[in-house]
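The chains referred to below are lettered A, B, ... by the order of the sequence lines, with proteins before strands, and numbering in each begins at 1.
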Amino acid sequence: MGESVWYITTPIYYPSDSLHVGHAYTTVAADALARYHRLVGDRVLFVTGTDEHGQKIQKKALEKGQKPLEFVTPIVKFIRDPLWKRLGISYDDFIRTTEDRHRHVVQQIFQRLVEQGDIYKGIYEGWYCLPDESYWTESKLVDGNCPDCGRPVEKVTQESYFFRLSHYQNRLHQYILDHPEFIQPTSRRHEMLNFIEAGLEDLSVSRMGVSWGIPVPGDPDHVIYVWFDALTNYLTAAGYLHDTDLFQSAWPANVHLVGKEIVRFHTVIWPIILMALDLPLPDRVFGHGWLLIGQAKMGKSLGNAVDPVELFDRYGVDPLRHYLLREVPFGADGSYTEAALVLRTNVDLANDLGNLLSRTTAMIDRFHQGTVPSLDVGSDDGVLAKEAALVYREVETFMNNLAISDALTSIFRLINRANKYIEEQKPWDLAKRHDGVALDNVLYGLWETLRIVSVLLTPFLLEAPNRIRKQLGLTEPVLQYREALFGFNPSGLSVRREGPLFPRIEWKESVTAGDDTDHAIGVEDFRKLDFRVGTIRTAEIVPGADRLLKLTVFDGSRDRTIVSGIRLHYAPADLIGQQVVVVANLKPATFKGIVSEGMLLAGSHEGELSLVAPIRPLPEGAPVK
RNA sequence: GGCGGCGUAGCUCAGUUGGUUAGAGCACACGGCUCAUACCCGUGACGUCGGUGGUUCGAGUCCACCCGCCGCUACCA
C-alpha cells in the first residue's frame with residue numbers, strides 16, 4: 001500500500017491531425033500543476049496520451065492506403081517528441097488506447113457491466129451517408145442531409161449495446177449537489193445539473209460499421225465506441241485491474257483537466273461508468289476555457305491553428321509557457337495573439353524579471369565585489385521578507401484551486417515589489433554614504449528575493465529558474481517548495497553575471513500575418529466604409545511620379561479624380577472602361593498637387609498587384625458590402 | 001424556444017453582504033533616477049459602471065423591462 005498519489009490527467013488527444021496551441025495549453029497547465037505538486041513533496045501521477053480508435057482515423061488511414069495503426073503511430077511519436085518533450089511536459093505515463101493494457105481493461109469493464117445488466121443489447125437508429133461512409137446522429141444533420149457533403153443520408157438501424165445512464169441519473173444528480181467541488185468552474189456545474197434534470201437517455205456504446213476499435217468481448221461484430229473506450233484510459237493508467245498497488249494509491253484522480261467542450265462526457269458518462277463499477281469519483285473535473293485566435297475559435301478546419309513548434313522555435317519555451325499559463329485566467333476563455341505574447345514576454349520576463357536580475361547582480365558586483373552580502377536581521381526593514389512570505393502562501397492557495405494565472409500574477413507582484421524597493425532604497429546612494437549595513441541588507445534582500453523567485457517559478461518555467469540561480473551563484477537545482485522561504489545563508493557565494501535572462505523581443509506588428517482578428521472590428525465599423533462600383537473613364541501618367549496614375553472614375557453620380565499608385569502594374573490604356581471598387585468616403589488627399597477623391601481596392605502579394613473588380617458588370621454606384 | 005451568464009477606463013479585466021472623491025495591469029502623457037535589458041520608479045488624463053424606470057437617506061452593487069453578446073440544450077476525440 002503506497003502513500004497517496006496526486007493524480008492528474010489531460011484529455012487524451014485524437015491524433016488525426018497535428019495538435020495546435022490549444023492542446024498545448026491544456027497540457028502545459030496540467031504540467032505546471034504536476035510540477036508544483038512534486039515540488040511540495042507529493043507523489044504525482046501525471047498522465048496524458050492519445051485516443052486512437054474510431055471512424056475518422058480509420059477513414060484517414062484508408063485514404064492514405066495505410067493501416068490505422070501505421071497511420072497514427074508517427075503522429076503519436078511527434079506529439080511525444082518533439083512536441084511535449086520540447087514543451088517540457090513531465091508526464092509520468094503516456095497512454096495510447098491501442099495498447100494491450102488498455103484493451104484488456106476496457107473489455108473487462110464492458111464484460112462486467114454486461115453481466116450486471118448496466119449494458120444491454122438494443123437497436124440503434126442513426127443516419128448513414130453512403131458516399132462518405134459516415135454515420136451521423138439526427139442532431140448533426142444539416143437540413144436532413146450529410147453535414148460533410150450535403151448529400152442525402154439514409155436511415156440505418158442496427159444492433160448496438162447500450163449503457164444504462166438512465167438508471168444512475170438520480171444518483172449522479174445528487175452526487176453533484178453534494179459535491180460542489182466536483183465540476184468546476186461552477187457555471188459548468190449548473191449546466192450539467194440542468195442537462196441531467198432534463199433526463200438522461202441510455203447511451204449507445206458500440207458500433208457495427210466501424211472496425212477500428214476494441215471488439216466487444218464475445219461479440220466481435222461490435223466494436224466498443226468512443227467515450228466508453230476513451231474515458232476508461234484514466235482507469236487503465238491508474239493501474240485498474242492490473243496494478244493493484246498503483247491503483248490503490250492513485251485512484252480516485254485528483255483532477256481531470258479538460259476543455260470545456262468535453263465537460264459533459266467527463267461529468268455525466270464518466271461518473272456513471274465509475275458508479276456502475278463501484279469506484280469512487282474523481283475529486284474534480286475542471287473545464288478550462290479555450291485559447292482563441294483573437295476572437296475566433298482555433299481549429300485545423302478553420303485554417304487558423306497555431307503550430308506550437310513554430311512558436312517555441314521563434315520565442316523560446318519559457319516565454320511560450322509563461323504566456324499560456326499567465327494569459328488565460330482560470331476558467332475563462334483566453335485569446336491568443338502574437339502581440340500579446342510579445343508584450344507579456346517583454347513586460348514580465350524581460351523588463352521586470354530579467355532586468356531585476358541584471359541590476360541586482362550588477363550592484364552586487366559593483367558595490368560588494370561580487371560576493372553576496374549576508375543579512376543583518378536586526379536592522380533589516382523586512383519589506384521583501386514580508387512580501388515574499390505573503391506570496392509564498394498565496395501561490396499555495398492559488399495552485400490548490402487550480403488558479404494558475406493568479407499564482408503567476410502573485411509571483412510577479414513580488415518581482416515588482418523588489419524593483420520598487422531598489423528605487424526606494426537607492427543602493428547607489430547608500431554606497432556613496434558608506435552605509436555598509438544598510439547596503440548589505442538591501443543587496444541581500446534583492447538577491448534573496450530572486451532566489452525565492454527561482455523556486456516559485458520552477459513549476460511554470462523550464463529554463464529560467466536554473467539560469468537565475470546560476471547568475472546568483474547557486475549551483476543546486478530547486479528541490480522543494482519550502483526553499484522559497486526568506487533567510488537563506490549565502491556565505492561564500494558570488495554572483496556570476498551573464499547576458500540578459502530574457503532579451504526583449506523586437507517585433508513589428510505589420511510583419512506578422514495570421515493574427516488579423518487581433519484588431520477585430522464590429523460590423524458597425526465596417527458599415528462606415530462606403531465602397532462603390534465605378535468605371536474608369538480616363539487614365540494618365542502623373543509627371544514626376546514613377547508609380548502614380550491619375551484616373552477619373554465614374555461612380556454613378558459623378559466623375560471622381562483618383563490618384564492611384566498602380567502605374568508599375570497597369571498601363572493607362574488597359575484601364576479605361578475597366579470596372580473597379582472605389583472607397584467613396586475617404587478624406588481627399590493631395591498627391592503631386594492633384595486632389596485624389598478616394599481609393600481603388602487592390603490586392604497585393606510579393607510585388608504582384610491586382611485591382612479588385614466585380615466578376616460580372618454592375619451599374620456604377622452599386623454599393624459593395 | 002428553454003435554462004444560465006455577461007455587458008465597468010483605448011485594451012484585458014477586479015469590484016466583497018448597496019455607503020465617503022469607481023480600481024488594477026497594459027497602452028498613452030509628463031516627471032524622476034542611473035544600479036539595470038531605451039530599463040525601473042512616480043504623477044497624470046481617460047469611465048453618463050449597456051439603456052430606461054423603480055426600491056432606498058444612498059446602487060456598478062437590489063427589482064422590472066429593453067438592447068447587445070456568450071454558454072449549455074447528448075452519442076464528434
Side-chain angles (χ1 to χ4, degrees), chain A residues 11-17 23 50-57 97 124 126 134-140 147 160 162-163 165 185-207 225-231 233 258-265 268-269 287 289 327 329 332-335 337 339-340 343-344 346-367 409 412-413 416 418-431 442-443 446 497 499-505 518-519 522 524:
Chain A
I12 49 176
Y13 303 112
Y14 201 66
S16 64
D17 282 317
H23 300 105
T50 43
D51 175 18
E52 306 181 12
H53 292 128
Q55 175 178 293
K56 197 158 156 188
I57 280 175
T97 53
Y124 172 81
S134 302
Y135 291 90
W136 302 99
T137 55
E138 178 113 31
S139 61
K140 284 283 189 295
S160 170
F162 283 86
F163 181 45
L165 294 185
T186 48
S187 55
R188 302 287 156 209
R189 178 167 176 265
H190 291 142
E191 286 173 5
M192 290 308 109
L193 283 170
N194 220 301
F195 177 79
I196 295 165
E197 282 158 19
L200 298 182
E201 290 170 22
D202 291 347
L203 176 77
S204 164
V205 290
S206 72
R207 283 299 136 85
Y225 199 55
V226 285
W227 291 106
F228 206 90
D229 173 6
L231 290 164
N233 95 83
V258 301
K260 64 182 184 183
E261 74 282 6
I262 52 174
V263 167
R264 199 182 65 231
F265 306 110
V268 177
I269 302 175
E327 194 76 4
D333 284 347
S335 168
T337 65
L343 194 68
R344 279 252 92 99
N346 281 348
V347 171
D348 294 337
L349 298 181
N351 294 355
D352 292 346
L353 173 58
N355 190 41
L356 176 65
L357 177 66
S358 177
R359 60 202 304 211
T360 298
T361 51
M363 285 191 286
I364 290 175
D365 258 347
R366 185 184 308 191
F367 303 136
T409 302
F412 276 85
R413 209 184 63 234
N416 289 332
N419 273 319
K420 188 172 170 177
Y421 190 67
I422 295 176
E423 239 37 61
E424 291 166 355
Q425 298 298 321
K426 302 193 194 320
W428 48 94
D429 281 354
L430 296 175
V442 171
L443 294 182
L446 295 171
R497 276 174 67 71
L501 186 65
F502 292 103
R504 289 174 57 81
I505 301 168
D518 194 349
H519 308 287
E524 71 282 2

C1' spacing across the pair B:rU17 / B:rA59, given as an integer number of angstrom: 14 Å

d(A:L203 CG, A:F162 CZ) to nearest 0.5 Å is 8.5 Å

Step-by-step side chain to side chain contact (heavy atoms under 4.5 Å, CB included) determination, A:L446 to A:I364: CA-CA 10 Å; A:L446 295 171; A:I364 290 175; over 6 Å; no

Reading nucleotides 26-35 of chain B 5' to 3', which nucleotides get B (base under 4.0 Å from a protein heavy atom), which S (sugar-phosphate only), which -? S-----BSSB

Salt bridge A:E423-A:K420, side-chain N to carboxylate O under 4.0 Å: no

Taking only residues two or more places apart in sequence, or in another chain, which ones meet A:Y13 in a side chain to side chain contact (heavy atoms under 4.5 Å, CB included)? A:T10, A:P11, A:L19, A:H23, A:T26, A:T27, A:T48, A:W84

Quantified in whole Å, what is the P atom distance between nucleotide B:rC33 and nucleotide B:rG42? 15 Å

Which whole-number value in Å describes the distance from A:L501 CG to B:rA36 C1'? 13 Å

Could you measure between the two P atoms, the one in B:rG15 and the one in B:rG23, and give it in whole Å? 15 Å

I want to confirm an ordering. Mapping A:A350 and A:H190 to their closest nucleotides on RNA chain B, which one lands closer to the 5' end? A:H190

Mind checking the C1' distance from B:rG7 to B:rG51? Whole angstroms is fine. 11 Å

Expressed in angstrom and rounded to an integer, what is the separation of A:E197 atom CD from B:rG2 atom C1'? 13 Å

Taking atom P in both B:rC62 and B:rG25, compute the distance separating them and give it to the nearest angstrom. 27 Å

All side chain to side chain contact (heavy atoms under 4.5 Å, CB included) counterparts of A:N416, not counting sequence neighbours: A:D352

Sugar-phosphate only, base, or nothing, as touched by A:I269 at under 4.0 Å among non-hydrogen atoms: nothing

What orientation do A:F163 and A:F228 show, parallel under 30°, tilted 30 to 60°, or perpendicular over 60°? perpendicular

Does any N or O in the side chain of A:S358 come within less than 3.5 Å of the main-chain N or O of A:G354, such that one atom is a donor and the other an acceptor? no

With rounding to whole Å, what would you report as the distance between B:rG1 and B:rG18 at their P atoms? 33 Å

Got a donor-acceptor contact below 3.5 angstrom from the A:N346 side chain to the A:I505 backbone? yes

Base versus backbone protein contacts along nucleotides 72-77 of chain B [heavy-atom cut-off under 4.0 Å; B, S, -]: SSBBBB

What pairs with A:Q55 under side chain to side chain contact (heavy atoms under 4.5 Å, CB included), at least two apart in sequence or on another chain? A:S134, A:Y135, A:V210

Would you find a donor on one side and an acceptor on the other, under 3.5 Å apart, between the side chain of A:T97 and the backbone of A:A230? no

Expressed as a whole number of angstroms, how long is the span from A:N416:CG to B:rC41:P? 6 Å

Could you give the distance separating B:rU61 and B:rU16 at their P atoms, to the nearest angstrom? 11 Å

Given the rule in the side chain to side chain contact (heavy atoms under 4.5 Å, CB included) test, do A:R366 and A:W428 qualify, once you have shown the distances and angles that lead to the verdict? CA-CA 10 Å; A:R366 185 184 308 191; A:W428 48 94; over 6 Å; no

Expressed in angstrom and rounded to an integer, what is the separation of A:F412 atom CZ from B:rC40 atom P? 12 Å

Spell out, as yes or no, whether a donor-acceptor pair under 3.5 Å connects the side chain of A:S160 to the backbone of A:S206. yes

Taking only the C1' atom of each, what is the distance from B:rA29 to B:rG4 in whole angstrom? 43 Å

Find the runs of at least 3 consecutive base pairs, i with j, i+1 with j-1 and so on, that include RNA chain B, using Watson-Crick or G-U wobble geometry with both distances under 3.5 Å. B:1-7 with B:67-73, B:10-13 with B:23-26, B:28-32 with B:40-44, B:50-54 with B:62-66

